[in-house]
Amino acid sequence: MAKPIPRIGSRKNARRIPKGVIHVQASFNNTIVTVTDVRGRVISWSSAGTCGFKGTRRGTPFAAQTAAGNAIRAGVDQGMQRAEVMIKGPGLGRDAALRAIRRSGILLSFIRDVTPMPHNGCRPPKKRRV
């Protein structure tokens with residue numbers, strides 16, 4: 001019977017990423033921050049819910065700031081120095097997450113708003129009569 005070859009260190013930590021992309025998805029109920037390399041492979045991610053915020057507190061700016069800090073920490077540990085930021089959604093956590101990214105010490109090459117905008121697509125629901 002063949003002996004298993006012992007692994008020295010993990011493959012995930014061996015990868016050095018000098019440049020990456022930070023995606024911020026800010027809805028009214030939650031904020032999700034994903035750190036990827038330039039090819040789109042996920043390095044780390046965090047959301048306000050995984051940081052311990054429950055209910056309506058997930059949509060707050062402080063929850064978004066905490067989520068962004070947690071997600072970026074893993075990227076910085078793998079040697080990320082430069083990043084592009086893609087922000088999507090209308091939530092309160094947009095600015096707070098961007099502030100946390102700026103404070104992390106990563107150089108930002110550009111910040112892009114990629115919120116999907118309809119060009120008069122679907123018909124909206126009928127107006128409420130109160």
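Predicted model, so just to flag it, every value in this text is computed and none were measured. What you see below is based on every heavy atom in this structure, not just the backbone, and it leaves out hydrogens, waters and symmetry mates.
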**Q** Grouping I, L, V, M, F, W and Y whenever their side-chain heavy atoms are under 4.5 Å apart, do V76 and L108 come out in a common cluster?
**A** yes
**Q** Supply the atom-to-atom distance K19 NZ to M80 CE, rounded to the nearest 0.5 angstrom.
**A**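 Between K19 NZ and M80 CE, I get 10.5 Å after rounding to 0.5 Å.
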**Q** If I compare all heavy atoms of G93 with all of A26, which pair ends up nearest, and what's the gap?
**A** C-CB, 4.3 Å
**Q** Just verifying a value: how many Å separate R39 CZ and I17 CD1, rounded to the nearest 0.5 Å?
**A**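 CD1 of I17 is found 12.0 Å from CZ of R39.
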**Q** What pair of heavy atoms forms the shortest contact from V38 to V21, and how long is it?
**A** CA-CG2, 4.3 Å
**Q** Roughly how far apart are T36 OG1 and H23 NE2, rounded to 0.5 Å?
**A**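 Between atom OG1 of T36 and atom NE2 of H23 there are 3.5 Å.
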**Q** Any chance you could measure Q25, atom CD, to T31, atom OG1, to the nearest 0.5 Å?
**A**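 Going from CD on Q25 over to OG1 on T31, the span is 8.0 Å.
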**Q** Could you tell me which non-hydrogen atom of S46 sits nearest to which non-hydrogen atom of C51, and how far apart they are?
**A**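 For S46 and C51, the tightest heavy-atom pair comes out as OG-SG, 3.4 Å.
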**Q** If you look only at pairs with a residue in residues 96-114, which of them pass as a side chain to side chain donor-acceptor pair (under 3.5 Å), with sequence neighbours excluded?
**A**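 As it turns out, the side chain to side chain donor-acceptor pair (under 3.5 Å) pairs with a partner in residues 96-114, which skip direct neighbours, are R94-D113, D113-T115.
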**Q** Identify the heavy atoms of A48 and A63 that sit nearest to each other, and give their distance.
**A** CB-CB, 3.6 Å
**Q** Answer yes if I106 and M86 sit in the same cluster of Ile, Leu, Val, Met, Phe, Trp and Tyr residues linked by side chain heavy atoms under 4.5 Å apart, and no otherwise.
**A** no
**Q** Of all heavy-atom pairs between I32 and S47, which one has the smallest distance, and what is that distance?
**A**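 Looking at all heavy atoms of both residues, the closest pair is CG1-CB, 3.9 Å.
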**Q** What's the shortest heavy-atom distance between G75 and I43, and which atoms?
**A**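 The pair with the smallest heavy-atom distance is CA-CG2, 4.5 Å.
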**Q** Nearest 0.5 angstrom please: I22 CD1 to I72 CD1, how far?
**A**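 That separation rounds to 4.5 Å.
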**Q** Quick one: does T60's side chain have a donor or acceptor within less than 3.5 Å of a partner on T56's backbone?
**A**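 No; judged by distance alone, with no hydrogens or angles, the pair does not exist.
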**Q** Using modelled atom types and a 3.5 Å cut-off, is there a donor and acceptor pairing between side-chain atoms of S44 and backbone atoms of A71?
**A** yes
**Q** Decide whether L92 and I87 are clustered together by the hydrophobic rule: side chain heavy atoms of Ile, Leu, Val, Met, Phe, Trp, Tyr closer than 4.5 Å, transitively.
**A** no
**Q** Please determine whether residues V114 and F110 belong to a single hydrophobic cluster, defined as Ile, Leu, Val, Met, Phe, Trp and Tyr linked transitively by side-chain heavy-atom distances below 4.5 Å.
**A**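 Yes, it is one cluster - the side chains of V114 and F110 are joined through contacts under 4.5 Å.
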**Q** Report the C-alpha distance between I101 and V24 in whole Å, list the side-chain angles of each, state the deciding distance to 0.1 Å, and finish with yes or no for side-chain contact (heavy atoms from CB on, under 4.5 Å).
**A** CA-CA 10 Å; I101 293 166; V24 178; 4.0 Å; yes
